[in-house]
Each structure stands twice: as C-alpha cells, then as structure tokens.
Amino acid sequence: MKDNTLLHIDISQFQDDLINWYQENKRDLPWRVEQNPYKIWVSEVMLQQTKVDTVIPYFNKFIDDFPTLYDLASAKEQDVLKAWEGLGYYSRARNLQNAIREVVASYGGEIPANPSDLGSLKGVGPYTKGAILSIAYDQPEPAVDGNVMRVLSRILKVEEDIAKPRTKKVFENHVRELISHVDPSSFNQGLMELGAIVCTPKNPMCMLCPVQQHCQAFAEGIEKQLPIKSKAKKQKSLPYVALLIKNKEGNYLIEKRPETGLLANLWQFPMVPLNEMGFNQIPSWFEKEYGIDVALKREAGKLKHVFSHLIWDLEIHEATSISSQTCLSNARFVNKNEMEAFPFPVSHQKMKQFLLG
DNA sequence: AAAACGGGGAA
DNA sequence: TTCCCAGTTTT
C-alpha cells in the first residue's frame with residue numbers, strides 16, 4: 001500500500017464527528033421517516049441528478065400513487081411516466097419499474113440485500129446499489145455520488161479529475177477504508193448531507209464543518225480549488241418547427257416518441273427538423289410522414305429548451321388540418337381534456353399550456 | 001473512455 | 001451565463 005493518504009486521518013474520530021453531526025442536523029425528509037427499502041430505492045432514483053427540494057413533492061405523489069412495489073409492478077408504464085412528468089431522465093422511471101417487476105418475478109417481492117443480485121437490476125448502478133445496501137440494510141458499502149466526491153476530495157486532498165469515470169473508484173476505495181461498520185447508513189448519508197449543506201461547491205462553510213480538523217484542503221487553504229473537474233463540451237443547437245395542429249373537431253395532433261433514445265415513450269406535438277428542409281417544405285413533408293394535410297396559420301412564439309447535451313430551438317406554429325386521423329399508430333388527434341392523461345416533456349408541457357390558456 | 005440522457009436552481 | 005446536482009446505460 002503506497003498511498004498512505006488515510007494515515008493522516010483519525011478514522012474513528014472522523015466517523016464519530018460525521019455521524020454525530022448528521023444525527024443532530026439531518027433534514028426531515030419523507031424518505032427518512034421509516035427504513036423501507038422500496039421507498040428508499042424510489043427516493044434514491046429520483047435524487048439522481050436532481051435536487052432534494054425538487055424531489056420531495058414528486059416522491060410524495062409517487063408513493064401516494066404506488067404505495068408498495070406491487071402497485072408499481074402492476075402499473076401501466078404510461079402512468080408511471082405521468083407521475084415522473086417534469087422530473088427528467090425518464091429512463092430512470094422506466095428502469096425502476098422494470099427492476100421492481102424483476103424483484104416481484106424473481107425475488108418474491110423482496111428487494112435483494114446482496115450486491116450482486118441488487119446490482120443486476122435495471123437502473124441500479126454502483127451508487128444506488130450502495131445507497132440501498134447501506135441505508136435500507138445497514139451494510140458498510142460505499143455510495144459515492146458527486147457530493148461524496150467533492151467532500152472527500154477536500155478532506156483527503158484528492159486531485160484527480162472527478163469528471164473521469166475511473167476517479168469514482170478511487171473514492172469508493174477510500175470509503176471502504178473510512179466507513180463506519182456500526183452505522184454505515186448515517187456515515188454515507190452524513191457525507192452527502194455535509195456536501196449538500198456545508199461543503200458546497202462554490203463557498204464551503206468550513207467554519208461550520210464538523211470534520212474541519214480532519215480536512216486536508218482546509219488545512220492548506222485550498223478548499224475552493226477542489227474538486228478538480230474538467231469541463232463538458234458545449235451543446236449543439238437544433239432548430240425545429242413545432243406544430244399545434246387543430247382539426248375540424250377541435251382536436252389536436254400529438255404523437256408518442258420512439259421507445260429508445262431521447263425522451264423515450266413520452267408524447268409531444270409534431271416537430272419538423274428545420275436543418276433537414278426549408279420552411280416551405282413543411283406541408284409536403286407532413287403529407288409524406290403523417291398522411292395528413294396541414295396549413296400553417298400563425299406563429300405562436302419561440303421556445304428554447306436546453307438539455308445537458310443539446311439545445312432545441314423551437315418555433316411554435318398554430319396550424320389546421322381537415323383530417324381526423326393519421327396513417328401512424330403512434331399519432332392521434334385528442335381533445336384538450338384527453339391530453340391530460342399523456343406524459344409530456346417540459347418543453348411540450350409549455351406548448352400544451354399555451355393551448356389551455 | 002466517452003457520449004447519451006432532463007430539468008431546475010444557484011452563483 | 002455557467003455550473004451544479006443523492007448516476008446509469010449504451011456505444
């Protein structure tokens with residue numbers, strides 16, 4: 001063992017300081033009320049790349065709609081996506097239901113308490129696996145997320161690029177050395193809570209930190225320089241015309257997106273890729289793709305929607321059609337009331353809102 | 001190892 | 001604007 005970074009830390013004292021602080025300062029959150037593996041799992045999936053304040057109302061509604069894993073297993077996917085509407089990363093919801101169905105089918109409804117079975121489930125990667133094992137089952141497994149990497153990069157002065165996939169393994173190894181075997185749940189949650197409340201990205205509040213005396217970065221005054229993270233390349237912008245097409249019955253055309261890729265299985269208003277054709281080709285393109293006539297009426301506004309990896313530049317147009325149906329099974333005319341049952345991404349929720357006034 | 005995959009909020 | 005967030009899957 002060449003790396004003796006941990007020798008600088010009094011592990012037992014560090015555990016006590018962190019766990020005691022967590023017990024005293026942890027936030028009251030809906031998924032901390034009981035040690036229920038299903039609810040903890042749901043919360044962990046929702047919390048991936050999503051802030052606590054955003055998750056809370058979704059979590060409460062989700063548990064209300066699907067109180068047990070059997071309710072989720074037997075639900076329709078469209079209803080699960082509807083409950084997830086607006087949260088983003090919709091594959092999380094589809095993977096979660098897939099995994100829960102696997103738990104019912106192969107594990108008698110008992111969420112596996114061992115790393116290999118648990119980790120084999122859809123959507124359960126290294127983080128979620130460790131979070132469930134430690135928080136729901138009190139096992140000393142690492143649960144390393146962005147918070148933990150930031151906190152430990154400062155405490156242990158780790159200067160590797162946290163944007164690199166392999167760096168996460170470095171932190172997992174550190175956690176295996178540091179984690180309390182008496183209360184691994186409070187240890188892991190304490191690290192994350194500390195990252196969320198005290199050891200924040202820009203201006204960490206070191207004066208309030210319960211493990212300040214263990215922190216290498218604080219000792220050297222370099223806490224704001226850590227962690228080191230390379231920048232992502234910037235998004236490409238894609239121009240579209242999105243159409244609010246009303247037919248004679250007063251119904252609007254919506255369509256289901258493909259079952260893989262971006263916003264899989266969500267619904268939307270038709271979008272015409274402008275980088276593949278000119279504006280005046282839209283009606284003929286529609287005749288070819290949807291088998292319906294379309295007459296553009298007027299522009300309703302513009303919408304810019306930013307994803308992590310691309311940007312939609314949308315020009316919204318109102319249009320009319322004399323058709324009542326399309327040649328596509330995934331597209332249909334619905335009235336404003338029926339529209340409410342379909343899951344839309346946020347960009348198209350805004351267009352829907354435009355229609356509803 | 002890199003890219004795909006959403007959305008919101010803070011600085 | 002820029003960056004960040006309780007990540008996983010696919011390529």
Side-chain angles (χ1 to χ4, degrees), chain A residues 22 26-27 29-32 40-59 81 84-96 98-99 118-132 134-136 142-151 161-169 171-172 175 185 187-197 199-204 224 227-236 257-258 260-266 268 303-312 343-350:
Chain A
Y22 175 70
K26 65 181 173 187
R27 293 165 289 183
L29 300 172
W31 47 89
R32 288 179 177 163
I40 289 168
W41 186 355
V42 170
S43 74
E44 290 302 337
V45 174
M46 285 188 172
L47 286 163
Q48 291 168 13
Q49 307 296 300
T50 310
K51 290 238 174 14
V52 165
D53 289 341
T54 304
V55 166
I56 290 173
Y58 280 94
F59 175 83
L81 287 173
W84 211 269
E85 185 182 59
L87 256 188
Y89 283 122
Y90 299 94
S91 65
R92 290 183 296 173
R94 304 199 306 132
N95 288 340
L96 174 61
N98 178 307
L118 189 56
S120 73
L121 298 169
K122 216 50 168 156
V124 181
Y127 168 76
T128 306
K129 179 174 64 177
I132 293 172
S134 62
I135 299 172
V144 173
D145 60 4
N147 259 325
V148 171
M149 287 197 284
R150 183 176 60 258
V151 170
D161 183 356
I162 67 167
K164 304 283 187 198
R166 66 162 163 274
T167 306
K168 178 177 283 193
K169 292 191 179 65
F171 288 101
E172 284 170 352
V175 171
S185 171
F187 182 90
N188 277 345
Q189 292 189 83
L191 281 180
M192 294 188 268
E193 197 82 344
L194 191 63
I197 296 175
C199 196
T200 50
K202 292 296 174 61
N203 292 299
K224 288 187 183 179
I228 291 167
K229 184 176 186 177
S230 56
K231 299 189 197 318
K233 71 171 202 272
K234 83 175 215 203
Q235 311 97 314
K236 215 169 222 94
R257 293 180 59 85
T260 58
L262 184 65
L263 302 168
N265 284 359
L266 270 71
Q268 66 179 14
L303 195 55
K304 188 204 241 338
H305 193 79
V306 179
F307 299 86
S308 53
H309 57 305
L310 58 89
I311 298 172
W312 277 356
F344 289 85
V346 165
S347 47
H348 287 257
Q349 283 182 58
K350 290 175 181 171

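Contact check for A:Phe59 versus A:Leu87: no side-chain heavy atoms found under the 4.5 Å cut-off. With contacts defined as side-chain heavy-atom distances shorter than 4.5 Å, the pair A:Leu81/A:Tyr90 qualifies.
Residue A:Arg27 is classed as a base contact, given a heavy-atom separation below 4.0 Å to a base. Counting non-hydrogen atoms under 4.0 angstrom, A:Leu310 reaches nothing in the nucleic acid. Looking at heavy-atom distances under 4.0 Å, A:Thr128 makes contact with sugar-phosphate atoms alone, never a base. Counting non-hydrogen atoms under 4.0 angstrom, A:Gly195 reaches nothing in the nucleic acid. A:Val45 comes within 4.0 angstrom of nothing in the nucleic acid, heavy atoms only.
Residue A:Pro165 is the one, among A:Pro165 and A:Gly88, whose nearest nucleotide of DNA chain B lies closer to the 5' end (criterion: closest heavy atom). In terms of position on DNA chain B, the residue among A:Lys233 and A:Arg92 whose nearest nucleotide sits closer to the 5' end is A:Lys233.
Nucleotides C:dC5 and B:dA11 are separated by 13 Å at their P atoms, to the nearest Å. On the C1' atoms, C:dT1 is 15 Å away from B:dG8, given to the nearest whole Å.
Among the nucleotides B:dC5, B:dG6, C:dC5, the one closest to the side chain of A:His309 is B:dC5. When each of C:dT8, B:dA4, B:dG8 is scored by its nearest atom to the side-chain atoms of A:Lys168, the top-ranked nucleotide is C:dT8. Taking only side-chain atoms of A:Gln48, from C-beta outward, the nucleotide of C:dG7, B:dG7, B:dA4 with the closest atom is C:dG7. Distance from the side chain of A:Pro126 is smallest to C:dT8 among C:dC4, C:dT8, C:dG7. Of all nucleotides listed (C:dC4, B:dC5, B:dA11), B:dA11 comes nearest to the side chain of A:Asn203. Nearest nucleotide to the side chain of A:Lys202, out of B:dA11, B:dG7, C:dT9: B:dA11. Here the side chain of A:Tyr89 is nearest to one of C:dG7, B:dG7, C:dC5, namely C:dG7. Among the nucleotides C:dT9, B:dG8, C:dC4, the one closest to the side chain of A:Thr54 is B:dG8.
Separating the CZ atom of A:Arg166 from the P atom of C:dG7 is a distance of 21 Å, rounded to the nearest angstrom. Regarding A:Gln268, its CD atom lies at a distance of 14 Å from the C1' atom of B:dG6, rounded to whole Å. Distance A:Lys169 NZ to C:dG7 P: 17 Å, rounded to the nearest Å. For the pair A:Gln49 CD and C:dC5 C1', the interatomic distance rounds to 6 Å; values are reported in whole Å.
Listed pair A:Lys51 / C:dC3 fails the phosphate criterion, with no side-chain N or O lying under 4.0 Å from OP1 or OP2.
A donor-acceptor contact under 3.5 angstrom links the side-chain atoms of A:Thr50 to the base of B:dG6. For A:Tyr127 against C:dG7, a side-chain-to-base donor-acceptor contact under 3.5 Å is absent.
Counting non-hydrogen atoms of neighbouring residues, nucleotides and ligands closer than 6.0 angstrom, the NZ atom of A:Lys26 exceeds 12 such neighbours.
Of the possible donor and acceptor atoms, one in the side chain of A:Ser43 sits under 3.5 Å from a partner among the backbone N and O of A:Ile40. The backbone N or O of A:Phe307 sits less than 3.5 Å from a side-chain atom of A:Gln235, completing a donor-acceptor pair.
Inspection of the A:Arg92 and A:Gln49 side chains reveals no N or O donor paired with an N or O acceptor under 3.5 Å.
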